[in-house]
Amino acid sequence: MRFSELIKSINHATENLDLVTSRRYIEDNLEILKEKRHLLNHNAREILSFMIKRQESGYRSLDKKELASIRAVNVYAEQFDVRGIKLVIKEKPNLFMEKEALNFLTNDAKVILAGIGVLKKDA
């Protein structure tokens, strides 16, 4: 996609309140858009500045595999399948140490993970 088409797509998506699409376009082209932010409409500039602040603060987006693992833990926690939870944790031990992952866990999953020592009790 050419740059002019990208700008039109982002502006069109934000005008139609399709924030998911505009966020995806902005994420994929963040470095280019930092320099050319004046070409974006107001809402798109706000999304861009929000994403730049998140990036500067060290926030990392979780990928699809990591989100799938978190969903699996949530399902196992709902069924109280501790063995299934331990299998997922064994595959991705560092995933649940990240604060981004905690936002996607259900309360049941947090309690079980704290009980088996993966999370701190105050998480």
Side-chain angles (χ1 to χ4, degrees):
M1 180 182 298
R2 292 187 351 222
F3 185 73
S4 60
E5 293 173 8
L6 174 68
I7 295 293
K8 285 181 185 177
S9 298
I10 293 171
N11 287 335
H12 181 70
T14 54
E15 287 170 5
N16 292 329
L17 298 177
D18 186 3
L19 301 179
V20 174
T21 303
S22 60
R23 182 186 62 86
R24 190 181 74 232
Y25 285 140
I26 291 171
E27 269 183 353
D28 293 344
N29 301 288
L30 192 62
E31 296 303 318
I32 298 168
L33 292 172
K34 282 181 182 179
E35 301 167 6
K36 304 286 185 179
R37 75 175 62 198
H38 65 279
L39 298 173
L40 297 171
N41 65 22
H42 177 71
N43 290 336
R45 280 194 304 269
E46 289 297 319
I47 294 171
L48 177 65
S49 66
F50 173 76
M51 295 181 74
I52 290 170
K53 287 177 187 174
R54 279 180 44 179
Q55 184 184 42
E56 289 172 352
S57 70
Y59 182 83
R60 180 182 77 80
S61 298
L62 299 174
D63 63 13
K64 288 183 180 182
K65 290 181 181 179
E66 292 170 333
L67 289 173
S69 297
I70 292 170
R71 282 189 211 105
V73 167
N74 287 336
V75 169
Y76 287 138
E78 184 179 316
Q79 299 168 353
F80 201 71
D81 184 0
V82 178
R83 185 176 63 171
I85 293 173
K86 286 183 178 181
L87 286 173
V88 173
I89 292 170
K90 188 175 182 181
E91 291 175 13
K92 298 193 183 276
N94 295 326
L95 174 61
F96 300 98
M97 301 297 173
E98 298 182 27
K99 64 181 178 181
E100 291 84 18
L102 295 176
N103 296 330
F104 293 99
L105 290 171
T106 62
N107 288 334
D108 294 338
K110 288 179 183 178
V111 168
I112 293 173
L113 290 173
I116 60 176
V118 175
L119 298 178
K120 295 179 182 174
K121 295 286 184 189
D122 61 340

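Excluded from the calculations below are hydrogen atoms, water molecules and symmetry mates; all remaining heavy atoms, backbone and side chain alike, are included. Predicted model only: the values in this text are computed from it and were never measured.
- Residue S22 comes nearest to I10 through the heavy atom pair CB-O, 4.1 Å, listed as atom of the first residue, atom of the second, then distance.
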Considering only distance and modelled atom types, tabulate donor-acceptor pairs under 3.5 Å from the side chains of residues 44-54, sequence neighbours left out.
from	atom 1	to	atom 2	distance (Å)
R45	NH1	L40	O	2.5
S49	OG	R45	O	3.4
S49	OG	E46	O	3.0

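- By the side chain to side chain donor-acceptor pair (under 3.5 Å) test, T14 pairs with N41, sequence neighbours left out.
- Placement of I7 and I32 within a single hydrophobic cluster is found when ILVMFWY residues are connected by side-chain heavy-atom separations under 4.5 Å, directly or transitively.
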Under 3.5 Å donor-acceptor pairs involving side-chain atoms of residues 84-94, not counting sequence neighbours:
none

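- The side chain to side chain donor-acceptor pair (under 3.5 Å) check on N43 picks up nothing, with sequence neighbours excluded.
- With sequence neighbours excluded, the residues satisfying side chain to side chain donor-acceptor pair (under 3.5 Å) with N16 are H12.
- When all heavy atoms of F3 and L33 are compared, the closest pair comes out as CE1-CD2, 4.1 Å.
- Residues in residues 26-44 take part in these salt bridge (Lys or Arg N to Asp or Glu O under 4.0 Å) pairs, two or more places apart or across chains: R23-E27, E31-K34.
- Under the side-chain hydrogen bond (donor to acceptor under 3.5 Å, both in side chains) criterion, the residue pairs touching residues 64-85 are R60-E66, N74-T106, with sequence neighbours excluded.
- Minimum heavy-atom separation, Y25 to L6: CB-CD1, 4.0 Å.
- Nearest heavy-atom pair across L102 and K110 is O-CE, 3.2 Å.
- Under the 4.5 Å side-chain heavy-atom criterion for grouping Ile, Leu, Val, Met, Phe, Trp and Tyr, V118 is not connected to V75 through any hydrophobic cluster.
- The heavy-atom pair separating I112 from F80 by the smallest distance is CD1-CD1, 3.6 Å.
- Looking at every heavy atom in both residues, L95 comes nearest to A101 through O-CB, 3.3 Å.
- Under the 4.5 Å side-chain contact rule for hydrophobic residues, F96 and L67 share a cluster.
- V82 and I70 fall within the same hydrophobic cluster, defined by Ile, Leu, Val, Met, Phe, Trp and Tyr side-chain heavy atoms under 4.5 Å apart, directly or through other members.
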